[in-house]
Amino acid sequence: MAELYIRVAEDENEEPMEIPSEDDGTVLLSTVAAQFPGACGLRYRSPVSQCMRGVRLVEGVLHAPENGWGNLVYIVNYPKDNKRKMDEIDASSAVKIKRGDQKTSDLIVLGLPWKTSEQDLKDYFSTFGEVIMVQVKRDVKTGNSKGFGFVRFTDYEAQVKVMSQRHMIDGRWCDCKLPNSKQGPDEPMRSRKVFVGRCTEDMTAEELRQFFMQYGEVTDVFIPKPFRAFAFVTFADDQVAQSLCGEDLIIKGVSVHISNAEPKHNNSRQMMDRGGRFGNGGFGVHHLFSNFPGRSPSLAAMFERSQYQFPSSHV
DNA sequence: GTTGAGCGTT
């Protein structure tokens with residue numbers, strides 16, 4: 001199938017944008033999201049029924065209606081929660097890079113009584129504003145509270161208020177502070193790859209890809225096996241990656257922490273090397289490849305992958 | 001079954 005475009009717009013009155021399809025006639029959701037950040041699907045008005053119809057979406061792939069895409073204008077679907085946020089963004093901006101300084105982050109809650117539960121925390125902090133995440137950290141073996149936890153608010157105002165005072169929770173004074181993980185911004189070297197900490201085992205690579213797509217084109221997702229509670233996500237654009245570093249994002253109700261992908265133990269030569277770095281994501285790909293170039297399809301595949309994982313200065 | 005400054009299974 002030759003070059004085919006489908007017409008997509010944010011609503012029926014707007015001028016449509018032409019979006020390329022794949023060779024098999026499908027359209028990737030990621031292609032749509034590249035032009036309409038945050039998009040989660042497409043719909044269109046059926047010429048027969050005059051009703052809006054959803055476009056079939058299977059694992060990030062949009063499938064044409066029975067009679068093909070035709071010349072219809074397809075309307076972008078946004079997640080219910082994101083709709084308003086997306087509208088606030090300049091419609092012409094493809095990717096949101098600069099984001100407001102009103103963003104909230106997790107707060108550590110120190111000094112909790114041993115008995116305090118997550119429900120207790122949620123009940124207490126809800127008086128300050130909408131709470132979107134609470135955690136009580138516990139010993140994995142015993143389940144006993146470690147006496148601290150985390151809370152995250154929807155609104156920055158609530159966060160500021162909570163940070164500004166002490167809290168009497170279940171009979172003890174507690175402090176809410178920015179966690180250390182947020183305060184020391186290590187040198188931000190330009191990388192397209194970010195480290196995603198505090199992942200849970202049920203997060204699939206596909207889910208992570210779908211989630212991070214809203215910020216920009218994702219070129220790779222790497223989840224170590226066996227489970228290690230972190231992942232690497234690589235974007236096409238390093239600015240997107242950098243813009244996320246230091247943030248806490250909520251995925252499937254879990255607060256993950258985004259930071260720069262390079263390990264702390266950079267040796268100095270690599271660090272001096274024009275900001276180059278060596279986050280090989282746990283593989284010894286470079287060694288394998290330079291010793292046995294092109295020996296097997298899997299090595300070739302790993303090399304392909306390495307082009308995403310290494311900065312261009314190393315490839 | 002204990003405790004009371006800290007930092008979230010990198």
Side-chain angles (χ1 to χ4, degrees), chain A residues 103-122 124-125 131-153 159 162-163 166-189 191-205 208 212 220-234 241 244-267 270-271 277-284 309:
Chain A
K103 288 196 64 58
T104 64
S105 57
D106 295 0
L107 298 179
I108 188 166
V109 188
L110 272 349
L112 290 175
W114 312 120
K115 52 170 278 208
T116 298
S117 69
E118 303 199 333
Q119 187 61 53
D120 295 334
L121 274 193
K122 180 154 191 181
Y124 173 78
F125 284 115
V131 170
I132 52 180
M133 195 269 326
V134 288
Q135 285 180 335
V136 171
K137 287 303 165 187
R138 299 173 184 280
D139 184 286
V140 277
K141 290 198 291 283
T142 69
N144 291 334
S145 168
K146 292 183 177 172
F148 70 96
F150 293 87
V151 62
R152 175 82 172 272
F153 292 93
Q159 172 173 329
V162 163
M163 281 192 295
R166 304 246 287 156
H167 302 271
M168 177 58 74
I169 302 178
D170 289 340
R172 274 184 60 94
W173 285 109
C174 302
D175 292 303
C176 294
K177 312 197 287 203
L178 285 175
N180 290 338
S181 57
K182 287 233 65 174
Q183 289 175 338
D186 319 321
E187 20 200 328
M189 278 166 284
S191 169
R192 293 174 301 157
K193 186 166 69 170
V194 296
F195 178 92
V196 184
R198 307 200 301 267
C199 290
T200 51
E201 201 158 11
D202 64 311
M203 292 177 186
T204 66
L208 292 183
F212 283 100
D220 190 48
V221 174
F222 176 71
I223 299 179
K225 291 184 290 271
F227 175 64
R228 293 228 276 150
F230 64 89
F232 291 106
V233 172
T234 308
L244 293 176
C245 285
E247 296 217 13
D248 295 309
L249 304 174
I250 311 272
I251 304 179
K252 299 173 81 175
V254 175
S255 171
V256 301
H257 186 257
I258 312 301
S259 55
N260 219 283
E262 47 256 87
K264 276 209 286 231
H265 353 278
N266 283 319
N267 77 38
Q270 281 155 354
M271 280 184 67
R277 49 178 217 64
F278 213 67
N280 66 7
F283 286 125
Q309 298 214 329

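All values derive from a computational prediction rather than experimental measurement. Naming: A, B, ... by sequence-line order, numbering from 1 per chain.
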OP1 or OP2 of B:dG4 less than 4.0 angstrom from a side-chain nitrogen or oxygen of A:Lys146, does that happen here? no
Check: A:Glu247 side chain, A:Ile258 main-chain N or O, donor-acceptor pair, under 3.5 Å: no
Taking for each residue the nucleotide of DNA chain B bearing the nearest heavy atom, is the 5' side occupied by A:Leu112 or by A:Ile108? A:Leu112
Assuming nearest nucleotide by heavy-atom distance, tell me which of A:Asn144 and A:Thr200 is located more 5' along DNA chain B. A:Asn144
Of the listed nucleotides ([options]), which one gets closest to any side-chain atom of [X]?
| X | options | answer |
| --- | --- | --- |
| A:Arg172 | B:dG4, B:dT10, B:dT9 | B:dG4 |
| A:Met133 | B:dC7, B:dT10, B:dG8 | B:dG8 |
| A:Asn180 | B:dT10, B:dT9, B:dC7 | B:dC7 |

Taking A:Arg192 first and then A:Asp220, would you say they form a salt bridge - that is, a charged N and a carboxylate O separated by under 4.0 Å? no
Please report the distance, rounded to the nearest Å, between [atom1] in [X] and [atom2] in [N].
| X | N | atom1 | atom2 | value |
| --- | --- | --- | --- | --- |
| A:Asp175 | B:dC7 | CG | P | 14 Å |
| A:Leu178 | B:dG8 | CG | P | 15 Å |
| A:Glu201 | B:dT10 | CD | P | 14 Å |
| A:Ile258 | B:dG8 | CD1 | C1' | 14 Å |
| A:Asp139 | B:dT2 | CG | C1' | 13 Å |
| A:Arg138 | B:dG4 | CZ | C1' | 17 Å |
| A:Phe195 | B:dG8 | CZ | C1' | 12 Å |
| A:Leu110 | B:dT3 | CG | P | 19 Å |

With a non-hydrogen cut-off below 4.0 angstrom, is [X] in contact with a base, only sugar-phosphate, or nothing?
| X | result |
| --- | --- |
| A:Gly197 | nothing |
| A:Leu107 | nothing |
| A:Pro113 | base |

Between A:Phe222 and A:Phe232, what is the ring plane arrangement, given parallel below 30°, perpendicular above 60°, and tilted in between? parallel
Residue pairs fulfilling salt bridge (Lys or Arg N to Asp or Glu O under 4.0 Å) with at least one residue in residues 166-176 of chain A, sequence neighbours excluded: A:Arg166-A:Asp175
Just wondering, do A:Phe148 and B:dG6 stack (centres under 5.5 Å, planes under 30°)? no
Planes under 30° and centres closer than 5.5 Å, is that true for A:Trp114 with the base of B:dG4? yes
Expected list for residues 143-151 of chain A: side-chain donor-acceptor pairs under 3.5 angstrom, two or more places apart:
unit_1	atom_1	unit_2	atom_2	d
A:Asn144	ND2	A:Thr142	OG1	3.3
A:Ser145	OG	A:Gly147	N	2.9

